[in-house]
Structure formats: structure tokens, C-alpha cells
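Remarks on the structure that follows.
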Amino acid sequence: MKELSLELGDVETTALIPLAIKASETLRKKSRFQDEMAVKIIEHLKLDTKPFDKFMSHEGVIARSIMLDRMVKDFIEKHPDCVIVNMGAGFDNRFSRVDNGRISWFDLDLPDSIELRKKVYEERDRVKMLAGSILDDTWCPQVLAEIQKKNARVLFLAEGLFMYFTLEEIGKCLKIIKKHFPQATLYAEMNNPLMVRNEKLHDTVKATNATFKSGTWSGEELCALCDGMRFIDEHSFNEEMSRYTFGGWLFAKLLPKMNDRWASFEF
């Protein structure tokens with residue numbers, strides 16, 4: 001692993017939250033989730049993970065990771081030669097957990113994040129890193145070329161991403177996808193408006209300078225931002241969280257609408 005120095009922007013710094021949580025969960029005796037690369041990165045950085053690894057965020061990140069891995073594996077089973085674009089990739093290592101030996105994968109993030117990512121991960125034949133913003137289409141031709149080469153379906157992932165953008169900005173991203181990638185599928189993490197108004201109460205994001213800029217009560221609200229996008233369904237992280245700990249179960253019972261959720265869309 002190359003020398004790392006953390007010089008990330010406000011939003012990019014939030015990538016340290018899932019990284020720290022995945023590392024600590026991996027080291028637990030009864031781990032629900034394994035990410036050895038997260039452990040190596042945290043050890044290499046000698047990072048104090050306490051500000052980024054609090055109970056509710058820990059349970060939420062692990063739940064969302066388990067759920068999304070399952071969703072992606074199901075998609076790959078149906079479309080074994082698919083192309084997947086991981087938007088706002090940060091230090092995510094999902095490819096290693098879902099790869100079937102045939103998919104093509106793109107990790108897309110802002111230039112400073114990709115610069116750091118390249119010090120940790122190596123590009124491979126089927127895994128590429130793209131430096132760019134979800135708000136412009138400079139990265140689209142490379143992805144489109146891979147789709148056309150394979151005549152494959154494309155899946156976009158937006159994990160821990162949209163809440164840091166305004167609805168107008170999210171709409172711009174969705175229109176880019178719609179314009180360049182007909183018949184695409186999107187799995188997006190959604191939060192709700194109460195979290196935007198009470199972001200200072202978030203147990204880990206408050207340790208960064210990032211701010212929540214949007215939230216929705218239903219994934220259907222995003223369809224108003226992009227003509228031709230269809231809402232399929234959504235599932236709260238509570239569905240997974242409530243299975244493991246009393247605290248997770250209690251949160252799901254007392255505040256069922258407060259947790260984030262996975263929403264699925266098609267174009």
C-alpha cells in the first residue's frame with residue numbers, strides 16, 4: 001500500500017465513516033460482515049476511528065452494506081455480464097464481495113478521492129477507476145463503451161451519496177444517467193427530511209464538515225426530477241438492523257421512518 005495522506009474535501013471525508021465501521025466489524029468475534037481491506041487501510045492510516053464509529057451509524061452501515069451486497073448479487077445473477085458503476089466509491093471494496101468473474105466495474109469519485117483510492121487499490125481488466133463528478137458527463141463515454149462492447153445491462157449504485165446533494169443536483173445526475181444509459185437500473189440510498197433538519201444530531205457525520213442537503217419521504221419523489229425514471233420499490237435499513245441487536249430493534253420500533261432506505265429505480 002502506497003503512502004497515504006488524508007487531504008479530502010468535506011463530503012469526501014465522510015468515506016472514513018463506513019471505512020472505520022467496516023474495519024471494526026471485521027475484527028469482531030461474531031462479525032456479520034468482512035472487509036479485510038478496510039482493516040488494512042485503517043491500520044495504515046493509524047486513524048482514530050472513535051469519531052466515525054458510533055452505535056447507530058455502525059448498525060446502519062453494516063445493515064446497508066449487507067442489504068446492498070445482496071441486491072447487487074441478485075442483479076448479477078440475472079445479468080451475469082453486466083456493467084456496474086459505483087458512484088461516490090470512496091474506499092469501497094464491494095467488487096471483491098460480489099464478483100462473478102464476468103462483470104465489469106467502475107469506481108467513480110471526485111479526483112482527490114480517486115487519487116487516494118489508487119494508492120490502495122489497483123485497476124484490473126474488469127475494474128476501472130474514474131475521476132469525475134456525478135454532476136457532469138465526462139466519465140460517461142468510457143462506461144458506455146464497455147456497455148456497448150459487452151451488449152450488457154448497467155447498474156448504478158449511490159451509497160451514502162445523494163443526501164449530500166440538493167434535489168436539483170440529484171435531478172441533474174439522474175438526467176445524465178437517463179440521457180446516456182437507456183434501460184439502466186439505479187440502487188440509491190435515501191434519507192428523510194428530518195435528518196436534514198437535525199443533522200447535528202447524527203452521531204458520526206457531525207464529526208465531519210459535511211452537511212445533508214436533501215431528503216425525501218419516498219423514493220417516488222425522485223421520479224419528479226427526471227422524466228422517464230420509474231420507481232420500483234424501497235426497503236428501510238430497519239429491516240436488517242432489527243435482526244441483530246436490541247438497540248437496532250428498538251430504533252426500528254420507535255422511529256420507523258427515521259432510518260435510511262434502499263430505493264430501486266429503472267430508466
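Quick note: numbers below take in every heavy atom, side chains included, and nothing from hydrogens, waters or symmetry partners.
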Q.
Using modelled atom types and a 3.5 Å cut-off, is there a donor and acceptor pairing between side-chain atoms of Ser57 and backbone atoms of Asp53?
A. no
Q.
What I want to find out is whether Arg70 reaches Glu240 closely enough, with some N-O distance under 4.0 Å, to be called a salt bridge.
A. yes
Q) Side-chain heavy atoms under 4.5 angstrom apart, residues restricted to Ile, Leu, Val, Met, Phe, Trp, Tyr: same cluster for Val127 and Phe106? A) no
Q.
With a 6.0 Å cut-off (strictly less than), is the heavy-atom count around CG of Asp233, excluding the residue itself, greater than 12?
A. yes
Q. Measuring from Leu116:CG to Leu110:CG, what's the distance to the nearest 0.5 Å?
A. 12.0 Å
Q) Should the pair Glu159-Arg94 be classified as a salt bridge under the 4.0 Å nitrogen-to-oxygen rule? A) yes
Q.
Between Ile232 and Val154, is there shared hydrophobic-cluster membership here, with clusters defined by ILVMFWY side-chain heavy atoms closer than 4.5 Å?
A. no
Q.
For Pro111 versus Ala131, what's the shortest heavy-atom pair and its separation?
A. CA-CB, 4.0 Å
Q: Identify the heavy atoms of Gly219 and Phe265 that sit nearest to each other, and give their distance.
A: O-CE2, 3.2 Å
(Q) Between Asp137 and Cys140 (side chain of the first, backbone of the second, donor and acceptor by atom type, cut-off under 3.5 Å), is there such a pair? (A) no
(Q) Parallel, tilted or perpendicular, judged at 30° and 60°: which one describes the rings of Trp262 and Phe237? (A) tilted
(Q) In the structure I gave you, are the side-chain heavy atoms of Arg32 and Glu59 within less than 4.5 Å of one another anywhere? (A) yes
Q: Assess whether side-chain contact (heavy atoms from CB on, under 4.5 Å) is satisfied between Met87 and Leu186, documenting all intermediate values.
A: CA-CA 10 Å; Met87 301 189 295; Leu186 167 67; 4.1 Å; yes
Q | Within 6.0 Å of CD in Glu266, more than 12 heavy atoms from elsewhere | A | yes
**Q.** Parallel, tilted or perpendicular: rings of Phe212 and Tyr164 (30°, 60°)
**A.** tilted
Q: For Thr26 and Asp35, indicate whether the former's side chain and the latter's backbone hold a donor-acceptor pair under 3.5 Å.
A: yes
Q: Considering non-hydrogen atoms only, spot the tightest contact between Leu130 and Gln142 and give its length.
A: CD2-OE1, 3.1 Å
Q) Can you name the closest pair of heavy atoms from Asp99 and Arg102 and give their distance? A) OD1-N, 4.0 Å
Q.
Main chain of Glu25, side chain of Ser31: is a donor-acceptor contact present, judged purely on distance under 3.5 Å?
A. yes
Q. Would you call Tyr244 and Lys30 a side-chain contact if the rule is heavy atoms closer than 4.5 Å?
A. no
(Q) Is it the case that the side chain of Asp109 and the backbone of Ile114 share a donor-acceptor pair, with hydrogens and angles ignored and the cut-off at 3.5 Å? (A) no
Q) Is there a donor-acceptor pair closer than 3.5 Å between any side-chain N or O of Asp260 and the backbone N or O of Glu189? A) no
Q: Would you kindly confirm whether Met129 and Val98 end up in one hydrophobic cluster when ILVMFWY residues are joined by side chain heavy atoms under 4.5 Å apart?
A: no
Q. Do you know the tightest heavy-atom contact between Gln183 and Arg153?
A. O-NE, 3.0 Å
**Q.** Rounded distance [0.5 Å steps], CZ in Arg261 versus CE in Met190
**A.** 5.5 Å
Q | Test item: Thr185 side-chain N/O and Leu155 main-chain N/O as donor-acceptor pair under 3.5 Å | A | no
Q. How long is the span from the CZ atom in Phe95 to the CG atom in Asp107, to the nearest 0.5 Å?
A. 9.5 Å
Q. Step by step, would you call Ile21 with Ile62 a side-chain contact (heavy atoms from CB on, under 4.5 Å)?
A. CA-CA 8 Å; Ile21 290 171; Ile62 297 305; 3.9 Å; yes
Q. Is any NZ, NE, NH1 or NH2 atom of the basic residue among Asp92 and Arg117 found under 4.0 Å from an Asp or Glu carboxylate oxygen of the other?
A. no
Q.
Would you compute the distance between atom CE of Met163 and atom CD1 of Ile170 and round it to the nearest 0.5 angstrom?
A. 8.5 Å
Q: Take Ser104 and Lys149 through the test side-chain contact (heavy atoms from CB on, under 4.5 Å) and record every step on the way to the result.
A: CA-CA 11 Å; Ser104 296; Lys149 181 178 75 174; over 6 Å; no
Q) Hey, is the main chain of Arg126 close enough, under 3.5 Å, to the side chain of Trp105 for a donor-acceptor pair? A) no
**Q.** Distance, nearest 0.5 Å, that separates OH of Tyr121 from CE of Met37
**A.** 5.0 Å
Q. Distance from Lys150 atom NZ to Cys82 atom SG, nearest 0.5 Å?
A. 7.0 Å
Q | Closest heavy-atom pair and its distance - Tyr187, Val72 | A | CE1-N, 4.4 Å
Q) Is there a path of hydrophobic side-chain contacts, each under 4.5 Å between heavy atoms of I, L, V, M, F, W or Y residues, that connects Val85 with Phe75? A) no
Q: Find out if a path of hydrophobic residues (ILVMFWY) with successive side-chain heavy-atom gaps under 4.5 Å connects Leu174 to Ile134.
A: yes
Q) Are the side chain of Glu221 and the backbone of Thr216 linked by a donor-acceptor contact shorter than 3.5 Å? A) no
Q.
Before you tell me yes or no, could you show the steps for Phe162 and Asn191 under side-chain contact (heavy atoms from CB on, under 4.5 Å), namely the whole-Å CA-CA distance, both residues' side-chain angles and the distance that decides it to 0.1 Å?
A. CA-CA 8 Å; Phe162 280 174; Asn191 66 328; over 6 Å; no
